[in-house]
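Written below as C-alpha cells is the structure these notes are about.
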Amino acid sequence: MTDATLASATTNANKQLINTLLHSRLFREYENVFTRATGLALALRPLEYWLLEPHQKARENRFCALLAQRRATLAVCLQSHADIIRHTGATPCTEICPFGLTETAVPVRLGEKTIGFLRIGQILRRSAILSDKARVAARLRECGVPFTGSIRKAWAATPIIPKDQYSAIVQLLTFFAEQLSTLINQIVLEKQNSEPLLVRKARHYIEQHKMEPISLATIAQASGANVSYFCKVFKKTTGLTFTDYLGRVRLEDAKAQLLNANRRISEIAYDVGFQSLTQFNRMFKRVFGQSPTEFRVHLGRKQYRFAGRRVGSGWHLICLLLVGIRVSAEAALILKLALPLVLMLAVPAFNEVARFLFQSVILRAQGRRR
C-alpha cells in the first residue's frame, strides 16, 4: 500500500468515526443543550473540512454567514480556520480571526492522533471600541466589501462573552471532548456491521477471560475456527488484530482503575491481564497518547484547577460554570455533566463518586444511542 493510499484510508476512517459521533445521541443531546445554554453554535468536524466550521448551524453568527457568501471574505475566513487548526495540538487553541472575532478549536483524539475538532466561537470577549471597528473596516476593504449596511449591523450584533466566562465554557467543552475520545476508543472495539458467529464468540470469550492469559490458539478454538481463518475474519470484521483488540479491552479496564490513586500502576497492569509492565506502558501510550503516570497526573491536576486558575471553593466553581448561562429545563443534561465535575474539582474526597456519576451519565446516553 502506497503512502498516499494509506493516508487516504486513514482520512476516510477518521471521517467515519467523526460521522458516527455526530449521529450519536450523546453528541446530539449535548450539542442541543450546549447551544441553548450558552447561545453558541457547536461544530464537530474531521481534520479535512473545507467549509466554515459552524456554517448553517443553529446560532451561527450572522456576520460570518454573510462573509461566507462572498468569495474574497470566505477565503480569508477559511485561511483563518486553517491557521487555528495548525496551531492546535493536544490542548485547545483560541485565536482572534482577521475580522476581530474569537474562535476556539478543541481537539478530539484517538490515542496520539487528533481525528477532529470541536469548534466554538464567532464572539467578542469585550465590547468593541473605535479601533476594533476601524480594523474590521480596513480588512473588509481589502476584500472589496464596504463595512456598511447589513454587514455592519451583523458585526455589531455579535455576542459578547467576557473572557472568564468564555474560558469556563472552553474548559467544560474540553472535558466533553475527552469523553468523546473515550467513546471513539469504545467504537473502535464495537462491531460496525453484522458479525460472523466466530467473531461474536471471540468477543464473548475475551470479555469473560480478559484478565487471564489468552493465546491465539485458545481464542481460535473457542470461536470454532483454525488460527489462520480466525485471524483473517477477525481482522476484517473489527479492523484490529486479536492482540490489539484484547489489549484495548484491558486498557479500558485499566483507565477506570487508575482513578484510584492508592493503587500502584504495576498492580493495575497485572490485574487487567498484562504480563509485563513495559508492555502495558507502551500500549497505553500508543492508544491514549500519554503514559499511565501522565494520565493519572493529568487527572490530579483537574482536581485543583479550572479555566487555567485555582478554584477556591465549590461555590466559586459553580459560579464559573454557570455565570452568564441561562439555566432552564433544557439545560438538564449539561448540569448532569457539570455537577460531577464540580464535585471532582471542589471536593477531592468525592472524586471517585463524582467520576462514577459522570461515567454513568455517559454510559446511559451511549445505551440510548444503541
Tell me every residue that passes side chain to side chain contact (heavy atoms under 4.5 Å, CB included) with [X], counting only those two or more places apart in sequence or in another chain.
| X | result |
| --- | --- |
| Ile129 | Arg126, Ser131, Asp132 |
| Lys285 | Glu112, Glu294 |
| Pro162 | Gln165 |

**Co-membership, hydrophobic cluster, residues Leu21 and Leu42, 4.5 Å side-chain** =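 Yes; tracing contacts between hydrophobic side chains, which count when under 4.5 Å, links both residues.
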
Does any pair with a residue in [range] pass salt bridge (charged side-chain N to carboxylate O under 4.0 Å, His left out), and if so which ones, sequence neighbours excluded?
| range | value |
| --- | --- |
| residues 264-279 | Arg263-Glu267, Arg263-Asp271 |
| residues 213-231 | none |
| residues 64-83 | Asp83-Arg86 |

Scan the side chains in residues 137-151 for donor-acceptor partners under 3.5 Å anywhere in the protein, sequence neighbours excluded, and list what turns up.
| from | atom 1 | to | atom 2 | distance (Å) |
| --- | --- | --- | --- | --- |
| Arg139 | NH1 | Glu142 | OE1 | 2.8 |

**Message:** Holding to salt bridge (Lys or Arg N to Asp or Glu O under 4.0 Å), I want the full list of residues that pass it with Arg282, two or more places apart in sequence or in another chain.
**Reply:**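 Not a single residue meets the salt bridge (Lys or Arg N to Asp or Glu O under 4.0 Å) criterion with Arg282.
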
**Item:** Non-hydrogen atoms of Pro292 and Asn281 that approach each other most closely
**Value:**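 Taking every non-hydrogen atom into account, CG-OD1, 3.3 Å.
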
**Prompt:** Any luck finding a side-chain donor-acceptor pair between Tyr166 and Thr104 under 3.5 Å?
**Reply:**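 Yes.
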
**Prompt:** Just by distance, with hydrogens left out, do Asn32 and Arg28 show a side-chain donor and acceptor under 3.5 Å apart?
**Reply:**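 Checked: Asn32/Arg28 side chains show no N/O donor-acceptor pair below 3.5 Å.
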
**Item:** Contacts of type side chain to side chain donor-acceptor pair (under 3.5 Å), residue Arg250, not counting sequence neighbours
**Value:**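 Partners of Arg250 by the side chain to side chain donor-acceptor pair (under 3.5 Å) criterion come out as none, since no residue qualifies.
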
**Prompt:** Can you name the side chain to side chain donor-acceptor pair (under 3.5 Å) partners of Thr88, sequence neighbours left out?
**Reply:**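 Once residues adjacent in sequence are excluded, Thr88 has no partner under the side chain to side chain donor-acceptor pair (under 3.5 Å) criterion.
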
Please list, one pair per line, the donor and acceptor atoms closer than 3.5 Å that link side chains of residues 206-222 to other protein atoms, with sequence neighbours excluded.
| from | atom 1 | to | atom 2 | distance (Å) |
| --- | --- | --- | --- | --- |
| Glu207 | OE2 | Lys210 | NZ | 2.9 |
| His209 | ND1 | Glu212 | OE1 | 3.1 |
| His209 | ND1 | Glu212 | OE2 | 3.4 |
| Lys210 | NZ | Asp253 | OD2 | 3.1 |
| Ser215 | OG | Thr218 | N | 3.1 |
| Ser215 | OG | Thr218 | OG1 | 2.7 |

**Request:** Could you tell me the separation between the CG atom of Leu66 and the CZ atom of Arg152, rounded to the nearest 0.5 Å?
**Result:**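 Here the interatomic distance stands at 14.5 Å.
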
**Prompt:** Does any pair with a residue in residues 120-139 pass ring-ring contact (aromatic ring centres under 6.0 Å, His included), and if so which ones, sequence neighbours excluded?
**Reply:**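 Non-adjacent pairs meeting ring-ring contact (aromatic ring centres under 6.0 Å, His included): zero.
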
**Prompt:** Under 6.0 Å between ring centres, would you say that holds for Phe234 and Tyr245?
**Reply:**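 Under 6.0 Å, so yes.
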
